[in-house]
Amino acid sequence: MLTEAIPTELSFERFVAREEQGQYLLLPFEMPANTQRLTLSYHYSRERTEQPKAAGAEFTTRERINIIDLGLIGPDGQQVGASGSSKSEISISAQSATEGYRPTPLTPGTWQIILGAYFVAPEGVTVSYTLRFEPKQPHWLQGDLHTHTSASDGIHSLQHLTEHAAAIGLDFLGITDHNQPISRASLPQLPGLTLIPGLEWTHYQGHSNFLGHEAPFEGAFIANSEAEAGKIFQQAHQNGALIVINHPFEERYGFRFNFENLPYDLFEVWNGPMRPANLQSIAYWDAQLKAGRKIMAVCGSDYHADTIFEQLAGPCMHVYTQSSTEEDI
């Protein structure tokens, strides 16, 4: 839950003298914690208009007297985007951004506006900026943490899968192809849908999803002993991947290694259509809770294709989160 109020708007001005023409000026501001979206707008006197008369006719002339460019730098010193003088307002969040800017987590700290003094009138110009900070609001999201594409044994391309997820109203989707890591750069951008990179570590002795990391372990996925499997799990855990024990009591694809000897964060109690193996998983999880072990339960469709028994988000995972960013989910 959010524990402190954050400012929702900040306005200020910067006078640019003619002598500063041709320079890039940096205007720092503080990004509040728990910001979901930043909207930045600016305005200044761009033109001088006159209405001369000639032979009884009136007409209007416009002369461009100031050109001020816009850009943004994040707290790490990296450029978030630049739009010249073509846009008077931009918007940025972790999931989406105005064209010319990249989606960026709104990390608290000192950000900088780029003021590009391309052309300045002899008398100078005052540039006015307004920043609006949209705070995160805790709410429920729905999605699926266990899906496959044609990169492994699913039948749909990544693009088709994500479009399907958006069409049925999902808010987030975990991409977990068998032993196939995926980069964030390759994930499609669909408004309102958060894609979480992952993979399903798939072994003859058990399956496990590693979520939220592009390369959770080094080298190959193979392991010929429980000790070798343990090294992969340890490395993924140390790298910050969220580890899920998948369908542990499935007759054919259950977890044969002792998963209690491995680091994991989540326990898949419901995989795909309800069946005896899921009831065993729920019973095991319930027994662990009664014994005082607070294990987090999750579900996943293990989606490959639409069939009479299999469908995307069947079952559907609901998460109460501060925002729709991958990190918060």
Side-chain angles (χ1 to χ4, degrees), residues 144-158 161 173-183 196-285 287-288 293 295-307 309-312 314-315 317:
D144 195 336
L145 291 175
H146 192 162
T147 67
H148 298 280
T149 76
S150 52
S152 58
D153 57 348
I155 69 167
H156 299 306
S157 68
L158 176 60
L161 175 64
L173 195 68
I175 309 299
T176 55
D177 278 313
H178 297 287
N179 297 321
Q180 294 287 339
I182 188 169
S183 68
I196 301 172
L199 63 81
E200 183 172 18
W201 182 76
T202 305
H203 191 278
Y204 306 130
Q205 303 300 317
H207 297 190
S208 179
N209 280 343
F210 296 166
L211 297 169
H213 203 288
E214 296 176 282
F217 53 85
E218 295 179 0
F221 66 90
I222 60 175
N224 286 319
S225 68
E226 188 166 324
E228 291 180 357
K231 291 180 181 179
I232 292 174
F233 273 67
Q234 288 288 352
Q235 191 174 70
H237 181 71
Q238 291 169 1
N239 286 337
L242 206 64
I243 299 178
V244 189
I245 300 298
N246 290 344
H247 42 73
F249 300 109
E250 189 66 30
E251 182 177 354
R252 244 183 111 180
Y253 306 110
F255 217 94
R256 311 301 179 216
F257 289 137
N258 185 352
F259 54 78
E260 294 301 345
N261 292 334
L262 301 172
Y264 70 92
D265 305 286
L266 307 170
F267 195 76
E268 191 180 62
V269 300
W270 188 345
N271 172 277
M274 181 50 72
R275 55 196 188 276
N278 285 332
L279 296 176
Q280 286 181 266
S281 298
I282 292 172
Y284 175 85
W285 174 63
Q288 295 304 301
R293 293 190 63 202
I295 300 174
M296 182 69 70
V298 294
C299 61
S301 69
D302 207 347
Y303 180 78
H304 295 76
D306 288 311
T307 70
F309 295 113
E310 185 179 333
Q311 60 181 330
L312 188 60
M317 185 75 193

Item checked: Side-chain (Asp306) to main-chain (Gln311) donor-acceptor, under 3.5 angstrom -> no
Checklist line | Derivation of the side-chain contact (heavy atoms from CB on, under 4.5 Å) call for Leu161 and Ile175 | finding: CA-CA 9 Å; Leu161 175 64; Ile175 309 299; 3.9 Å; yes
Next item on the list: Compute the ring centroids of Tyr284 and Phe259, then answer whether they are less than 6.0 Å apart.
Entry: yes
Next item on the list: Could you tell me whether the side chain of Asp144 and the main chain of Ser301 form a donor-acceptor pair under 3.5 Å?
Entry: yes
Next item on the list: Using modelled atom types only, decide if a donor and an acceptor are shared between the side chain of Trp270 and the backbone of Gly272 within a distance under 3.5 Å.
Entry: yes
Checklist line | Other residues, nucleotides, ligands: >12 heavy atoms within 6.0 Å of Tyr253 OH | finding: no
Check: Would you find a donor on one side and an acceptor on the other, under 3.5 Å apart, between the side chain of His203 and the backbone of Ala223?
Finding: yes
Margin query: Is any side-chain heavy atom of Phe221 closer than 4.5 Å to one of His178?
Written below: no
Next item on the list: Look at atom CE of Met296 and say whether more than 12 heavy atoms of other residues, nucleotides or ligands are closer to it than 6.0 Å.
Entry: no
Next item on the list: Of all the heavy-atom pairs spanning Ser157 and Ser150, show the shortest one and how long it is.
Entry: CA-OG, 3.5 Å
Item checked: Straight-line distance of His207 NE2 to Asn179 CG, nearest 0.5 Å -> 8.5 Å
Check: What distance do Leu266 atom CG and Met317 atom CE have between them, rounded to the nearest 0.5 Å?
Finding: 7.5 Å
Next item on the list: Calculate, to the nearest 0.5 Å, the distance between atoms OG1 and CG belonging to Thr147 and Leu173 respectively.
Entry: 4.5 Å
Notebook entry, point to check: If you take all heavy atoms of Glu214 and Pro181, which pair is closest and at what distance?
Noted result: O-CB, 3.2 Å
Next item on the list: Nearest 0.5 Å please: distance from the CD atom of Glu268 over to the OG atom of Ser281.
Entry: 8.0 Å
Margin query: Please check: side-chain N/O of His213 versus main-chain N/O of Pro197, any donor-acceptor pairing under 3.5 Å?
Written below: no
Note to self: Can a donor-acceptor pair be found, under 3.5 Å and without considering hydrogens, that links the side chain of Trp201 to the backbone of Phe210?
What the structure shows: no
Checklist line | Val269 to Ala297 - nearest heavy-atom pair and separation | finding: CG1-CB, 3.7 Å
Notebook entry, point to check: Quick one: CG on Asn209 to CG on Leu199, what's the gap to the nearest 0.5 Å?
Noted result: 8.0 Å
Item checked: Over all atoms of both residues, closest heavy-atom pair of Glu310 and Asp302 -> OE2-O, 3.3 Å
Next item on the list: Decide if the gap between the ring center of Phe233 and the ring center of Phe217 is smaller than 6.0 angstrom.
Entry: no
Notebook entry, point to check: Would you say the side-chain atoms of Glu228 pair up with the backbone N or O of Asn224, donor to acceptor, closer than 3.5 Å?
Noted result: yes
Next item on the list: Test side-chain contact (heavy atoms from CB on, under 4.5 Å) on His304 and Ile155 and set out the steps.
Entry: CA-CA 6 Å; His304 295 76; Ile155 69 167; 5.9 Å; no
Next item on the list: Can you measure from CD1 (Ile196) to CG (Leu211) and round to the nearest 0.5 angstrom?
Entry: 6.5 Å
Notebook entry, point to check: Is a side-chain N or O of Ser208 found less than 3.5 angstrom from the main chain of Asn246, in a donor-acceptor match?
Noted result: no
Item checked: Backbone N/O of Arg256 and side chain of Gln205: donor-acceptor pair under 3.5 Å -> no
Next item on the list: For atom CD of Glu218, decide whether the heavy atoms of other residues, nucleotides or ligands shown that lie under 6.0 angstrom number more than 12.
Entry: no
Next item on the list: Indicate the atoms forming the closest heavy-atom contact of Pro248 with Phe267, along with that distance.
Entry: CG-CZ, 3.4 Å
Checklist line | Heavy-atom closest pair, residues Pro263 and Ile243 | finding: O-CD1, 3.5 Å
